[in-house]
Structures are given as structure tokens and as C-alpha cells.
Protein chains: 2
Amino acid sequence: MADEPSEPVAIRLQAAGHRVTRPRLAVVAALRELGEHHTADEVHAHLIRRDTPLPRTSVYNSLVLLADLGVVMRADIGPGAVVYEAADAWHHHFVCRSCGSVHDVPCVIGTPPCLSPGGDVGRVDEAQVIFRGICRNCLGDAQ
Amino acid sequence: MADEPSEPVAIRLQAAGHRVTRPRLAVVAALRELGEHHTADEVHAHLIRRDTPLPRTSVYNSLVLLADLGVVMRADIGPGAVVYEAADAWHHHFVCRSCGSVHDVPCVIGTPPCLSPGGDVGRVDEAQVIFRGICRNCLGDAQ
DNA sequence: GAATTATCTGTACATTGTTCATGTACAGAT
DNA sequence: ATCTGTACATGAACAATGTACAGATAATTC
């Protein structure tokens, strides 16, 4: 379970000049075990269930760092929710306005930044696309 | 000031089967006066300064409805912040990871949905793009 | 103008994320 | 082997943001 994907997390941390610590490894492991998209507090809860608890702040700190390094993906899908994901391929998200479910949408380019703004705004590191609409399930249910 | 852009807000509310109420008109007016991007609480504060206060809940309710109707634009630019804007043309946003400033990025298509996901996820109403990077000011400051 | 009902209002709360002070563990120098 | 500086973890309290609810109000319909 939880095989290292491309580059082991430890190597990537070191390469960026950061330390390899228990909280950081635990957070990545938790995201892999959970799969899909999860909030920081869901990761926190999972670690408690797993009997490897971590302070909430540590989970937040680790997620921010890991996301900045590109080890985990962060998606701002709307009010009161930032979700993280242990994914390798850069992709986007579809959010259902009815049930709130989140689905992955492959990115045709594959690596950020996959789009570029028209004007000259500065250095663009990534372009995150959020699709909104009604998912197939909800379309079937009502109307 | 605050001329009606294309269709008056009142008409658009009625057309969608909603009532034309003071809070809704006040929220749109506030967004126009403020210009740019602002949070719900900033709108709330502005209305107090203007001596036309509104309960915070009413501001939130109105913004959600107005955004769903497409009268105002909503942008999820990251943790702890949903910003609204009284804009006519559909566009995207660039967020600076250093100073947090938000800049408009024109959309080449102009009307949502300007992109479409690859697979068949359901009905897509809009595609919101968030560009992240370092803005020109911050690039100039420190390297 | 009166009835109907969506909407407003205000309070209280839940959730999410951040700040801060303290303690700890690692790495290089002595 | 010990010292020293720095990055990091920890825990608690805080701040910001968004939501639920129940009674009062006002926009529309007749």
C-alpha cells in the first residue's frame, strides 16, 4: 500500500531544503490512504482513527508546505473548504452545485501552468480550473 | 453613479421569479460603488459606512442569490475568502501568492462556460480559472 | 386594500484557518 | 562529546468566514 509514486516524498523535501519529519510523512500517508479529495480536518480525523494523531495545527502547516512544494494538490472548490489530494497528474475539478460532490477532470496539458493569462500580470505558476454545474447523478434525480 | 449596465437588476430578479427587495438592490449598489473584488463582510462594512446598514446574514443571502443568477460574479480565490464583484464581462483572476492581491484576467471567450472538461461529468454551467503566481510588484521588490 | 408567502432580521453557532509562545530535535562547529 | 543556531512541532487561544433557525416584515397577487 501507498507505494512511492515518482520521487519519494523524503527526497523531494530534502531537495527543497526542508526537513523530513514525522508530521509531513504522516500527512502524505493519510492522504494516500484516504484517496480522493479531503479537507485538512478530515486528514486530522483520519490520523486520530489510525492511532497516529497529530495536532491540528501541524496538519495545516504540513499541508501548506507540501502543497507549495507540489507534493500534494490543493483545490479551492468554494466557501469553507480547501481540499487536498495526493495525486501525481495535474488535473482540475468539477463541483456539483446541487450535492457538492467533487470529480476530477483531466488536464489536457498535464503540467502547470496549463493555461496562460492574456496580459502581463507577473510570473504564473499554475492555473487552477473549477468547473461548476450539475453532476450526472443530480441530473438524473430531479428533472 | 451606478448606471444600470445591460439589464436592470430588478428586471433580472423578476424574470427569475424572485422578489425585488431593498437588501438585494443595496448589495448590488454597494458592489458597484466599491468596484474591484470584495468579500461579503467588506460589503457589509461599506453599507454601514454609507448609513444604509444591513444584517450580515442578509448580505450573505443576497450575494449567494445574486451570484447564482449571474448578476454578480463570485470568485473562490483561496482559503478564507470568497470575493464578489459587479462585473459584466466574464473573466478570470490572478492571485499573487506573495501579497495576496487579485487582478482581473480577461477571458478569451467572454461568456461561461468558456472551457469544457474532457469527459462527461454532467451539465457544466461555468469554468472558473484561478491563476497563481507572483505579481509584477512582488517580482520587482525581492528578486 | 387584504391575504399569501418569500424574504428579511438578529442571534447564536459551526466551521475553517491563523497566530503566538513555548518546547524540541536536528546539523554543523567547537 | 558538547555547544549553538535554526527549523520545526506542539497546544491553546484567537480570528475570520459562513450557516441555521425562528419570529417579524414587506413584496407581490388577488
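Order of the sequence lines fixes the chain letters, A, B, ..., with proteins taken first and strands second; residue numbering starts at 1 for each chain.
- The base of C:dG17 sits within donor-acceptor range of the side chain of A:Arg56, with an N or O pair under 3.5 Å.
- Along DNA chain D, the nucleotide nearest to B:Val20 and the one nearest to A:Pro53 differ in position, and the one closer to the 5' end is contacted by A:Pro53.
- Taking every side-chain heavy atom of A:Pro23 into account, D:dA9 is the closest of D:dA9, D:dG11, D:dG18.
- Side chain of B:Leu54, nearest nucleotide from D:dG18, C:dT9, C:dG17: C:dT9.
- B:Arg22 contributes no side-chain N or O that forms a donor-acceptor pair with the base of D:dT25 under 3.5 Å.
- Each of B:Arg19 and A:Ser62 has a nearest nucleotide on DNA chain D; the 5'-most of these lies closest to A:Ser62.
- As rounded to whole Å, 9 Å separates atom P of C:dA27 from atom CD of A:Gln14.
- Atom pair B:His44:NE2 and C:dT11:C1' shows a separation of 13 Å (rounding to whole Å applied).
- When each of D:dG18, C:dT9, D:dT17 is scored by its nearest atom to the side-chain atoms of B:Asp41, the top-ranked nucleotide is D:dT17.
- Contacts of B:Thr21 with the nucleic acid, taken as non-hydrogen atoms under 4.0 Å apart, involve only primed sugar atoms and P, OP1 or OP2.
- A close approach under 4.0 Å does occur between a side-chain nitrogen or oxygen of A:His18 and OP1 or OP2 of D:dC8.
- Between the CZ atom of A:Arg24 and the P atom of D:dT10 there is a distance of 11 Å, given to the nearest Å.
- Taking 3.5 Å as the limit, the base of D:dA12 and the side chain of A:Thr57 contain a donor-acceptor pair of atoms between them.
- Atom pair B:Tyr60:OH and C:dG10:C1' shows a separation of 15 Å (rounding to whole Å applied).
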